[in-house]
K.L.:
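Here it is: the structure, laid out below.
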Amino acid sequence: MIGLLEIRRRKFQFALIALIVTLITYLVLMVNGLGVGLNELSGRALKNFNADGIAYSDKANLSVVRSEMSQEAVGRAIALPGVTAGTPIGYFAVNIRKLDGSNAKVKSAAMIGYEPGTIGEPGVTAGRKLAAGEGDAILADKSFLKLTDLKVGDSVTLAYRLTSRSFRIVGEIDQGAFFFQPTIYALRATWQEMKYGDNAPGQPAASIVLLKGKALPGLIGDGYRIVDKDTAFNNIEGVTSQQSTVDALAAFGYLIGALVIGVFFYVLTLQKVAQIGMLKALGASSFFVFRQLLVQVFVLAIVGVGAAVPLAWLTNNGLQRLPETVPVAFTTRTFVVTSIAMVVTALVGAIFSGRQVAKVDPIIALGQQQ
Amino acid sequence: MPATLRVTNLSKTYGRGEQAVYAVRGVSFATEPGEFVAIVGPSGSGKTTLLAMIGGLLTPTGGSIEVNGRDIAKLGNGERAAYRRESVGYVFQANNLVPYLTGRENLLLMQAIAGGGRKEARQRASQLLEELGLASRADAFASRLSGGERQRVAIGRALMNNPDLVLVDEPTASLDSQRGRQVVRSLMEEVKSREKLGIMVTHDMEMAALADRVLELHDGLLKEGSAASV
């Protein structure tokens, strides 16, 4: 009761502390959002694959870039007992070139080769799907269209090896990026032609194989090795270290939050020693006083975090409008987890003051008599 | 329940050896229910120390303080806090109100600390504020009250939980003597009507003369004969 009244009666002081909580929470939210954003850029396309397991070449060390699978290995993986569906997928990095042929701003894209009508086919959010044999058309990810400022119906030239090839964009997809490149989906035959020059037997038939079915991850056979999507994702080059960097930044954010809030309340407690002594002289237990403090910290944390969440959300919306995408992305989970963690952090910070409260001797209520 | 107090051979020493200061040296007295006692004496005679020990704020070095038959000299910290909130109403010399609470809220604070019914507490607070002539100032912040008003709020707070012992430390410090006497009189009425016990420390002999009995303290010792009624 007295803790809450104090907040109401000394709004300015407490608003300042809440502001600090807001700023720190905002920082941690943005760092975590950056982590999610970086992860999405690393391989949301991979996470979006409709698969229970992904087969790599057994020699590729779970690298999509290095994985090359023969027709036979693809067939063996798909023929495994328990597989209900499977389809070969090709990966190839290409450069985007404007129609005028200028190389002014060369950007790369991740071309995914797939078979229409299989689990490898992405959902189309605008336009249409690729028809069988349609070798001069692609589906382009939203991020690709944003990056190139193209739309469905436009043409784009993709440069690869020493040549280039023009495609019509017939459909928009929302599969996300791969290796920090926007994805484009083409027919697997197109992919094979571009990457290996021809479709002759003996050429690799796929980079990886998407598989549906039970108990597939962990299986290793002649020319293939199957893992689940999470393992596949974590083995994308750089993902693990990137994640630990982001986690470390967030951890520092929490640590700083706990320290700052802890110090604020510690100072506030020191300032109130006389008042705490008086409350104790009236018979209040240390726990009673500390409880008021915890209630205050809790309220401030809720208010501070409550202000930071919309702020981060607005920032994110603003960033998405920029032409160059800043890799910040928020999930509900980011908000919920960060908010709860920040409130807990604030309460942990307040514990420093608990000892101080316990140490106050009620005798000081008698005044400064010698 | 009528309140009784029996102080036996009570002493308080600060420090040790040559540095030792004997603040209270073997004080004994007992009171009747409904009695209002004044403790007088010069500065440094141990009055406030004696009051603080009876109020459960200081642990005696020796002796016993029996309140309703229970020796509170030997209580642990937690039990002493419980004793203070349940049995003692202390009016500190410095008043010590919570500045950002209103007068009424300072009274209701006791209910928050000690528990008990909220509705009863509100009624009691209103009644006390009325009796102390604070009805019109009850909802002003303590920081805006005059010294005398604060003193009366502090007295109201001391009476909130219906304590067995009402302890008052130098009530004239911030009251003009006329107003002070009036407040002390109403405090005495409260103590008598409920058969509780009042102890007031003062160096104002006029004020002390209002009490049923005056104890005179000198260098930590009760002066002979001072236990007699005035």
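Residue numbers start from 1 in every chain, and the chains themselves are labelled A, B, ... in the order their sequence lines are given, proteins ahead of strands. If you're wondering where the values come from, they're calculated on a predicted model, not measured in any experiment.
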K.L.:
Specify which of B:G89, B:A112, B:A94 makes the most heavy-atom pairs with chain A at under 4.5 Å.
P.N.:
B:A112
K.L.:
Side chain from CB out, backbone as N, CA, C, O: work out which of these in B:A114 comes under 4.5 Å of a heavy atom of chain A, or both, or neither.
P.N.:
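For B:A114, there is no contact with chain A at all, as no heavy atom is under 4.5 Å.
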K.L.:
By a 4.5 Å heavy-atom criterion (distance strictly below it), what part of B:E105 contacts chain A: side chain, backbone, both, or neither?
P.N.:
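For B:E105, backbone and side chain are both near chain A.
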K.L.:
Kindly indicate whether the side chain of B:E216, heavy atoms from C-beta on, has any atom under 4.5 Å from the side chain of B:L222.
P.N.:
no
K.L.:
Could you tell me the separation between the CG atom of A:L27 and the OH atom of A:Y254, rounded to the nearest 0.5 Å?
P.N.:
10.5 Å
K.L.:
Hey, could you give me the OG/CD distance between B:S186 and B:E131, rounded to the nearest 0.5 Å?
P.N.:
8.0 Å
K.L.:
Please confirm whether the backbone N or O of A:K47 pairs with a side-chain atom of A:K229, one donor and one acceptor, at under 3.5 Å?
P.N.:
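Yes.
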K.L.:
Can you say whether A:E6 sits under 4.5 Å from chain B via the side chain, the backbone, both, or neither, judging by heavy atoms?
P.N.:
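Its backbone and side chain both get close to chain B.
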K.L.:
Checking B:F141 against chain A: side chain, backbone, both or neither under 4.5 Å from a heavy atom?
P.N.:
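Contact with chain A involves the side chain of B:F141 alone.
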K.L.:
For the pair B:R137 and B:T102, evaluate side-chain hydrogen bond (donor to acceptor under 3.5 Å, both in side chains) and give the outcome as yes or no after the intermediate values.
P.N.:
CA-CA 9 Å; B:R137 298 288 284 152; B:T102 64; over 6 Å; no
K.L.:
Between B:R157, B:M110, B:R84, which shows the greatest number of heavy-atom pairs under 4.5 Å with chain A?
P.N.:
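Ranked by heavy-atom pairs under 4.5 Å with chain A, first place is B:R84.
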K.L.:
Tell me, out of B:N161, B:L58, B:L51, B:V88, who's got the most heavy-atom pairs with chain A below 4.5 Å.
P.N.:
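Most heavy-atom pairs under 4.5 Å with chain A: B:L58.
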K.L.:
If you define the side chain from C-beta out and look only at heavy atoms, does anything of A:Y266 sit under 4.5 Å from A:F264?
P.N.:
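Side chain of A:Y266 against side chain of A:F264, heavy atoms only: no contact under 4.5 Å found.
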K.L.:
Among A:A284, A:S285, A:A365, which has the most heavy-atom pairs under 4.5 Å with chain B?
P.N.:
A:A365
K.L.:
Rounded to the nearest 0.5 Å, how far does CD of A:Q296 lie from CZ of A:R10?
P.N.:
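So the gap between those two atoms works out to 9.0 Å.
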K.L.:
So which part of B:R80 gets closer than 4.5 Å to some heavy atom of chain A, the side chain, the backbone, both or neither?
P.N.:
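Neither part.
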